[in-house]
K.L.:
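Submitted below is the structure of interest, expressed as structure tokens.
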Amino acid sequence: MRIAVTGREGQVVQSLIERAAHHGVTVVAVGRPALDLARPETVLPALRDAAPDLVVSAAAYTAVDKAESEPELAERINGAGAGAVAAAAAAIGVPVVHLSTDYVFDGTLDRPYREDDPTGPIGAYGRSKLSGERAVAAANPDHAILRTAWVYSPFGANFIKTMLRVGATRDELTVVADQQGCPTAALDIADAVIAVGRNLIASRNEASRDEALRGVFHMTGSGSTNWAEFASTIFSISARHGGPEARVRPITTAEYPTPARRPANSRLDGTKLTRVHGVTLPDWRLSTERCILRLLAAAA
Ligand SMILES: NC(=O)C1=CN([C@@H]2O[C@H](COP(=O)(O)OP(=O)(O)OC[C@H]3O[C@@H](n4cnc5c(N)ncnc54)[C@H](O)[C@@H]3O)[C@@H](O)[C@H]2O)C=CC1
């Protein structure tokens with residue numbers, strides 16, 4: 001299987017590249033300048049050149065706070081840009097696996113969100129990603145939209161790397177404790193994306209076509225936590241392995257104002273992905289420990 005993934009430097013892109021050999025697949029990363037989601041006319045030629053069996057739409061405008069001051073650019077990249085990727089996959093005649101987010105919800109529900117719960121983004125980033133979901137579904141019926149959350153990896157910028165960096169110089173830090181969610185390893189996302197992509201490809205001809213494999217799925221690490229508990233867990237794992245450690249003082253979202261509002265409940269229910277695609281991501285603590293061990297080894 002030959003996978004073309006959008007973006008070059010992203011956490012999910014890097015993870016797909018790393019996991020390719022393990023799964024016996026080829027991953028071609030297609031990013032700027034050849035493919036620029038802000039310039040939809042670049043998308044089809046760049047993806048066609050990669051001659052894929054599957055397109056993975058992982059590139060996005062991911063600066064959640066900055067999106068509040070440049071919503072049009074976020075919308076162009078995450079909405080129209082995502083639609084152009086799905087349309088290009090359709091033109092090439094292959095399925096698309098598109099990554100979306102917990103931020104399509106308002107976070108007011110008191111249980112993990114299911115795929116058919118009403119969306120209602122509370123910020124520009126979430127609105128742009130919801131536009132992207134709609135554009136992808138409209139452009140290519142052969143799609144799986146995987147909503148994930150709280151992504152971390154040994155690559156790029158993420159919460160675990162920030163905690164370890166800040167923890168190296170401070171004894172105590174404050175972290176919000178009233179936002180719940182499911183930390184998700186980009187390397188686990190890569191494994192899941194490949195499994196889902198294989199299922200889509202295997203069910204493409206008339207005899208094997210299975211509509212249940214298409215649509216929206218929730219895909220996060222198993223279990224759930226809040227940011228303060230996530231931070232404490234990071235430091236206790238790090239300390240056990242001789243890495244940085246800091247005390248975590250839980251605070252409320254009201255005490256830590258940011259330009260973009262975030263959903264208080266970001267938990268996603270992954271039951272459908274397990275039932276339909278046979279894919280369950282590992283417990284967030286296990287993958288968190290794996291990521292920290294790699295980061296500490298790289299820093300040693
Ligand atoms: N990071 C997170 O916590 C979460 C991420 N997601 C989604 O998962 C997907 C992957 O996220 P990450 O790998 O963490 O993102 P990332 O921020 O690490 O990487 C984003 C990638 O998109 C590329 N990109 C940005 N603008 C572009 C443009 N105009 N044209 C072409 N490429 C462009 C960047 O160069 C980079 O390679 C994204 O769709 C994101 O919305 C969903 C939920 C949470």
Side-chain angles (χ1 to χ4, degrees), residues 4-19 27 29-43 46-47 55-67 70 72-86 88 96-105 107 113 121 123-133 135-136 144-162 179 181-190 192-193 216-221 227 230 260 262-263 266-268 270 281 284 291:
V5 58
T6 56
R8 254 202 266 275
E9 311 294 335
Q11 299 192 79
V12 170
V13 175
Q14 293 295 314
S15 298
L16 273 169
I17 292 169
E18 182 170 305
R19 297 297 289 159
V27 172
V30 190
R32 287 174 288 191
L35 179 150
D36 184 348
L37 295 176
R39 294 170 49 230
E41 71 281 6
T42 62
V43 172
L47 287 176
V55 168
V56 176
S57 167
Y61 180 110
T62 54
V64 174
D65 286 318
K66 206 167 164 213
E70 44 186 32
E72 296 84 8
L73 181 60
E75 180 68 33
R76 182 139 48 101
I77 293 174
N78 291 346
V85 172
V96 60
V97 175
H98 174 70
L99 288 164
S100 192
T101 173
D102 52 326
Y103 282 35
V104 298
F105 295 114
Y113 279 90
Y125 168 74
R127 278 193 296 278
S128 71
K129 292 293 289 185
L130 184 57
S131 296
E133 291 189 2
V136 166
I145 293 168
L146 306 180
R147 290 184 184 140
T148 191
W150 296 24
V151 178
Y152 62 85
S153 69
F155 321 108
N158 57 69
F159 187 75
I160 294 186
K161 288 174 93 173
T162 304
Q179 290 170 27
C182 312
T184 309
L187 286 160
D188 295 336
I189 292 177
V193 161
V216 178
F217 299 88
H218 288 175
M219 173 196 62
T220 52
W227 287 113
F230 188 20
R262 276 132 172 103
S266 268
R267 291 172 296 152
L268 300 180
L281 271 54
W284 68 269
C291 179

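Worth knowing before you read on, the calculation uses all heavy atoms, side chains too, and leaves out hydrogens, waters and symmetry mates. Position 1 is the first residue of the sequence; numbering continues from there. Both counts, for ligands and for their atoms, begin at 1 and track the order of listing.
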K.L.:
Do Pro154 and Leu187 come within less than 4.5 Å of each other through their side chains, counting heavy atoms only?
P.N.:
yes
K.L.:
Based purely on interatomic distance, does Gly31 place a nitrogen or oxygen under 3.5 Å from a nitrogen or oxygen of ligand 1?
P.N.:
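No, since none of the N or O atoms of Gly31 sits under 3.5 Å from an N or O of ligand 1.
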K.L.:
Report the part of Lys129 in contact with ligand 1, treating N, CA, C, O as backbone and CB onward as side chain, heavy atoms under 4.0 Å; options are side chain, backbone, both, neither.
P.N.:
side chain
K.L.:
Which ligand 1 atoms, with their elements, are less than 4.0 angstrom from a heavy-atom of Ile77?
P.N.:
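Numbered from 1, ligand 1 contributes 29 (N).
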K.L.:
If you have a sec, work out which protein heavy atom is nearest atom 14 (O) of ligand 1 and how many Å separate them, to one decimal?
P.N.:
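Nearest protein contact, heavy atoms only, for atom 14 (O) of ligand 1 is Gln11 NE2, 3.1 Å.
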K.L.:
Just let me know how Ala60 lines up against ligand 1, side chain, backbone, both or neither, with a heavy-atom cut-off below 4.0 Å.
P.N.:
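For Ala60, backbone and side-chain atoms both sit under 4.0 Å from ligand 1.
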K.L.:
Check the orientation of Tyr103 and Tyr125. Use parallel for under 30°, tilted for 30 to 60°, and perpendicular for over 60°.
P.N.:
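Geometry flag for Tyr125 against Tyr103: perpendicular rings.
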K.L.:
When the ring centroid of Trp150 is compared with that of Phe159, is the distance short of 6.0 Å?
P.N.:
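Judged by ring-centre distance (under 6.0 Å), Trp150 and Phe159 do not meet the cut-off.
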K.L.:
Counting heavy atoms only, which part of Ser100 comes closer than 4.0 Å to ligand 1: side chain, backbone, both or neither?
P.N.:
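Under 4.0 Å from ligand 1, Ser100 contributes backbone atoms alone.
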K.L.:
Which is closest to atom 26 (N) of ligand 1 in terms of heavy atoms, Arg76, Met219, Arg32?
P.N.:
Arg32
K.L.:
As an exercise, identify every atom of ligand 1 less than 4.0 angstrom from a heavy atom of Ala58.
P.N.:
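Heavy-atom distances to Ala58 below 4.0 Å select 9 (C), 10 (C), 38 (C), 39 (O).
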K.L.:
Pick whichever of Gly10, Ala34, Ala149 has a heavy atom sitting closest to atom 19 (O) of ligand 1.
P.N.:
Gly10
K.L.:
Would you mind reporting whether Leu268 and Phe105 have side-chain heavy atoms less than 4.5 Å apart?
P.N.:
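Phe105 reaches Leu268 side chain to side chain.
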K.L.:
State the CE-SG distance between Met219 and Cys182, to the nearest 0.5 angstrom.
P.N.:
11.5 Å
K.L.:
Could you list which atoms of ligand 1 come closer than 4.0 Å to a heavy atom of Leu35?
P.N.:
30 (N), 31 (C)
K.L.:
Heavy-atom contacts with Thr101 under 4.0 Å: which atoms of ligand 1 show up? List them by number with element.
P.N.:
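Those atoms are 42 (C), 43 (C).
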K.L.:
Under 4.0 angstrom from ligand 1, any heavy atom of Tyr125?
P.N.:
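Yes; Tyr125 lies near enough to ligand 1 that a heavy-atom distance drops under 4.0 Å.
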K.L.:
So Tyr152 and Phe230, would you call those rings parallel, tilted or perpendicular, with 30° and 60° as cut-offs?
P.N.:
tilted
K.L.:
So for Ala38, does at least one of its heavy atoms come nearer than 4.0 angstrom to any atom of ligand 1?
P.N.:
yes
K.L.:
Residue-level breakdown please: for Val151 versus ligand 1, do any non-hydrogen atoms fall below 4.0 Å on the side chain, on the backbone, on both, or on neither?
P.N.:
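For Val151, backbone and side-chain atoms both sit under 4.0 Å from ligand 1.
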K.L.:
Does Val13 have a non-hydrogen atom less than 4.0 Å from ligand 1?
P.N.:
no
K.L.:
Considering only heavy atoms from C-beta outward, does the side chain of Tyr61 approach that of Lys66 to under 4.5 Å?
P.N.:
yes
K.L.:
Quick test of your reading of the structure: of Thr148, Thr184, Thr62, Thr220, whose heavy atom lies closest to atom 43 (C) of ligand 1?
P.N.:
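Selected option, by shortest heavy-atom distance: Thr148.
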K.L.:
Does any non-hydrogen side-chain atom of Ser128 lie less than 4.5 Å from one of Ile77?
P.N.:
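Sidechains of Ser128 and Ile77: no contact.
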K.L.:
Between atom CD1 of Ile17 and atom CZ of Arg8, what is the distance when rounded to the nearest 0.5 Å?
P.N.:
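These two atoms lie 9.5 Å from each other.
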K.L.:
Considering only heavy atoms of Asp36, which atoms of ligand 1 have at least one such atom less than 4.0 Å away?
P.N.:
28 (C), 29 (N), 30 (N)
K.L.:
Nearest to atom 8 (O) of ligand 1, what protein heavy atom do you find, and at what distance?
P.N.:
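Looking at atom 8 (O) of ligand 1, the protein heavy atom closest to it is Leu99 CB, 3.8 Å.
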K.L.:
Identify, for atom 30 (N) of ligand 1, the protein heavy atom at the shortest distance, and state residue, atom and that distance.
P.N.:
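For this ligand atom, the closest protein heavy atom is Leu37 N, 2.9 Å.
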K.L.:
With side chains defined as the heavy atoms from C-beta onward, is the minimum distance between Lys129 and Arg147 less than 4.5 Å?
P.N.:
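A side-chain contact is absent here, since even the closest heavy-atom pair is not under 4.5 Å.
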K.L.:
Please could you name the atoms of ligand 1 that Glu9 approaches to less than 4.0 Å, counting only its heavy atoms?
P.N.:
37 (O)
K.L.:
Measure the shortest side-chain to side-chain distance between Leu99 and Ile189 over non-hydrogen atoms and say whether it is less than 4.5 angstrom.
P.N.:
yes
K.L.:
Where's the contact between Ala59 and ligand 1, heavy-atom distance under 4.0 Å: side chain, backbone, both or neither?
P.N.:
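The part of Ala59 near ligand 1 is both the backbone and the side chain.
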K.L.:
Please could you name the atoms of ligand 1 that Val12 approaches to less than 4.0 Å, counting only its heavy atoms?
P.N.:
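Result: 10 (C), 13 (O).
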K.L.:
State the OG1-CG distance between Thr184 and Leu146, to the nearest 0.5 angstrom.
P.N.:
11.5 Å
K.L.:
Which ligand 1 atoms are under 4.0 Å away from a heavy-atom of Arg8?
P.N.:
37 (O)
K.L.:
Any donor-acceptor pair under 3.5 Å linking the side-chain atoms of Ser266 with those of Gln179?
P.N.:
no
K.L.:
Could you check whether any side-chain heavy atom of Asp65 comes within less than 4.5 Å of a side-chain heavy atom of Arg262, counting everything from C-beta outward?
P.N.:
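A side-chain contact under 4.5 Å exists here.
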